[in-house]
Protein chains: 2
Amino acid sequence: MKTAYHHGDLKNALLDAADEILLSKGLQGFTMRACARLANVSHAAPKHHFGDINGLLTEVAMRGFDRLVALLQNKMQPVMGDLHAQMYAVGLAYVEFAEAYPEHFRIMFRKDLLSYDTQSPPRQIAVTYATLTNVVLRHRGEPEISEIESMASLNGEVIKDIFMCWSNIHGYAHLRLEGQLNSIPEETHLKILQENTQRLSDLVQRRAA
Amino acid sequence: MKTAYHHGDLKNALLDAADEILLSKGLQGFTMRACARLANVSHAAPKHHFGDINGLLTEVAMRGFDRLVALLQNKMQPVMGDLHAQMYAVGLAYVEFAEAYPEHFRIMFRKDLLSYDTQSPPRQIAVTYATLTNVVLRHRGEPEISEIESMASLNGEVIKDIFMCWSNIHGYAHLRLEGQLNSIPEETHLKILQENTQRLSDLVQRRAA
DNA sequence: GTTGCGATCTTGTCAGTGTAAAAATAATTG
DNA sequence: CAATTATTTTTACACTGACAAGATCGCAAC
């Protein structure tokens with residue numbers, strides 16, 4: 001069980017430590033050794049579980065995608081009847097996630113920090129894709145997909161719609177996170193998001209008709 | 001003049017070295033000491049010109065914004081008569097810049113790496129803003145602004161239009177850069193960009209009417 | 001059981017990093 | 001030419017990621 005050696009659940013303890021450090025000190029203060037210190041293990045302990053620092057960051061990012069999906073579904077769940085409200089919920093969840101976990105958000109979209117095959121992405125990313133895709137599919141009145149099914153099963157029009165919506169929402173969240181929208185007064189932000197998602201929702205519905 | 005001490009133009013030499021390292025080794029291999037080595041000076045020489053590593057990265061990023069603006073204007077210049085072609089040129093320039101200078105693009109939008117006051121951004125960022133803003137103003141048939149004038153001189157509708165367009169284009173370029181759009185076949189990318197910018201162009205024109 | 005083996009963790013080490021302080025050298029100013 | 005300032009080097013330090021070798025533990029096979 002739990003002895004001096006053999007922590008028992010060191011991997012998750014290290015990931016929790018990583019989250020905590022990212023939230024408090026940011027990516028600057030984030031080091032493998034700092035994670036090890038916070039988990040009360042030696043500096044080389046993480047190596048066995050994650051290989052190198054990119055391995056650690058990859059798993060941190062995947063837990064980030066898990067949180068993002070949870071937030072997305074949480075915000076959409078009460079408004080499943082209203083298509084525009086769904087799209088708005090996606091935008092809202094996205095922006096709020098970026099604000100709550102800024103460093104996680106950055107890491108999740110840093111190809112150079114993540115070590116997974118971009119051609120066959122891990123489960124968490126597939127689930128994120130599927131969640132966003134299903135919003136579009138509901139708009140179009142088409143059957144939803146599970147995260148197991150590949151995007152290849154979708155026709156070109158759907159894919160275009162997905163990435164049109166996603167680009168818009170992602171770009172807004174990203175620019176906002178990085179301080180490029182500071183000239184916008186705070187109360188205007190929600191209005192912009194509302195209008196943008198309204199337009200996206202309309203466009204996707206109209207295209208499907 | 002040029003002696004063993006007193007390089008003469010060390011600052012620019014270091015920035016050139018920084019560009020070269022970013023293009024060849026990426027942000028991972030980018031260190032102050034590596035830049036110093038490439039410029040044939042001691043490892044502490046950059047300190048006097050840039051303070052710390054964020055100071056160096058900030059100036060690297062500003063030169064990146066210069067290049068981005070140059071590319072934007074270069075692509076728009078032949079199509080100033082066609083509004084949609086202008087918007088498409090913006091999207092194209094943005095995507096091409098991200099592809100040609102991926103690490104610069106990342107750094108330019110990393111608040112944690114840049115040390116400037118986000119409330120009063122440096123000239124290069126103001127010029128970028130102004131360039132994008134003027135595209136929208138031309139769509140609306142309103143007089144253009146110079147980079148000296150603040151965004152505060154614009155009404156709320158214009159600001160919404162700007163950031164709607166920018167979010168879309170930026171998000172697309174960013175997701176593409178970070179490998180999140182790899183499921184899209186290569187030849188489809190330009191079509192999506194074309195359709196998206198067409199819609200943005202239409203929306204902004206219609207709103208102005 | 002106990003023997004062995006693989007998984008897990010520690011210790012020690014190495015080259016490399018950013019930053020600071022002090023010294024050395026050059027350019028500029030008076 | 002003297003003094004001051006700007007630029008660069010040298011030296012030093014604490015820290016990092018990675019590696020190798022060893023210590024300890026869990027567990028399966030016998």
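What you are looking at is a predicted structure, and each value in this text was computed from that prediction instead of being measured. Letters A, B, ... mirror the listed sequences (proteins, then strands); counts begin at 1.
A:Tyr129 and A:Trp166 form no side-chain donor-acceptor contact under 3.5 Å, judged by distance and modelled atom types alone.
For the side-chain hydrogen bond (donor to acceptor under 3.5 Å, both in side chains) condition, no pair includes a residue of residues 35-48 of chain A, sequence neighbours left out. Identified under the salt bridge (charged side-chain N to carboxylate O under 4.0 Å, His left out) test for residues 180-191 of chain B, with sequence neighbours left out: B:Arg176-B:Glu186. Within the structure, salt bridge (charged side-chain N to carboxylate O under 4.0 Å, His left out) pairs that include any residue of residues 120-138 of chain B comprise B:Arg138-B:Glu144 (at least two apart or interchain). Residue pairs meeting the salt bridge (charged side-chain N to carboxylate O under 4.0 Å, His left out) criterion with at least one partner in residues 52-62 of chain B, sequence neighbours excluded, are B:Lys11-B:Glu59.
In this structure B:Asp16 satisfies the salt bridge (Lys or Arg N to Asp or Glu O under 4.0 Å) test together with B:Arg63, sequence neighbours excluded. Scored by the side-chain contact (heavy atoms from CB on, under 4.5 Å) test, B:Lys160 finds A:Ile192, A:Glu195, B:Glu157, B:Arg207 as partners (sequence neighbours excluded). Residues passing the side-chain contact (heavy atoms from CB on, under 4.5 Å) test with A:Asn74, sequence neighbours excluded: none.
Atom CG in B:Asn40 sits about 20 Å away from atom P in D:dT7, given to the nearest Å. Atom P of nucleotide C:dC9 and atom CZ of A:Phe50 are separated by 11 Å, given to the nearest angstrom. Whole-Å rounding puts the A:Leu10 CG to D:dT24 P distance at 18 Å. Spacing between atom CD of B:Gln28 and atom P of D:dT16 amounts to 17 Å, rounded to whole angstrom units.
Looking at the side chain of B:Val41, the nearest of the listed nucleotides C:dT17, D:dT9, D:dG17 is D:dT9. Nearest to the side chain of A:His49, among C:dT17, D:dT8, C:dC9, sits C:dC9. If you check C:dT8, D:dT9, C:dT11 against the side chain of A:His48, the one that comes closest is C:dT8.
In this structure, B:His174 and A:His174 have parallel ring planes: the angle between them is below the 30° cut-off, well short of the 60° mark.
The two residues A:Leu56 and A:Ala18 come nearest to each other via the heavy atoms CD1-CB, 4.5 Å.
Remark: A:Arg37 is not in phosphate contact with D:dC15, judged by side-chain N or O atoms under 4.0 Å from OP1 or OP2. Contact annotation: A:Ser42 does not reach the phosphate of C:dC9 (side-chain N/O to OP1 or OP2, under 4.0 Å).
Using five terminal pairs a side, the axes of the helix from C:dG1-D:dC30 to C:dG30-D:dC1 at its two ends make an angle of 10°, given in steps of 10 degrees.
Of the residues in residues 15-24 of chain B, none has a non-hydrogen atom less than 4.0 angstrom from any atom of DNA chain C. Residues from residues 106-117 of chain B that place a heavy atom under 4.0 Å from any atom of DNA chain C: there are none.
Ring-centre distance between A:His104 and A:Phe109: not below the 6.0 Å cut-off.
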Mind listing the N/O atom pairs, protein and nucleotides 19-21 of chain C, below 3.5 Å?
| residue | atom | partner | partner atom | Å |
| --- | --- | --- | --- | --- |
| C:dT19 | OP2 | B:Ile53 | N | 3.1 |
| C:dT19 | O4 | B:Arg33 | NH1 | 3.4 |
| C:dA20 | OP2 | B:Lys47 | NZ | 3.0 |

Validation: residues 23-34 of chain B side-chain donor-acceptor distances under 3.5 Å, sequence neighbours left out:
| residue | atom | partner | partner atom | Å |
| --- | --- | --- | --- | --- |
| B:Ser24 | OG | B:Glu20 | O | 3.0 |
| B:Ser24 | OG | B:Ile21 | O | 3.4 |
| B:Gln28 | NE2 | A:Asp112 | O | 3.2 |
| B:Thr31 | OG1 | B:Ala34 | N | 2.9 |

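A cation-pi arrangement is present between B:Arg67 and B:Tyr101, with the terminal nitrogen or guanidinium carbon under 6.0 Å from the aromatic centre and inside a 45° cone about the axis.
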Evaluation steps, side-chain contact (heavy atoms from CB on, under 4.5 Å), between A:His139 and A:Leu200: CA-CA 10 Å; A:His139 270 74; A:Leu200 292 172; over 6 Å; no
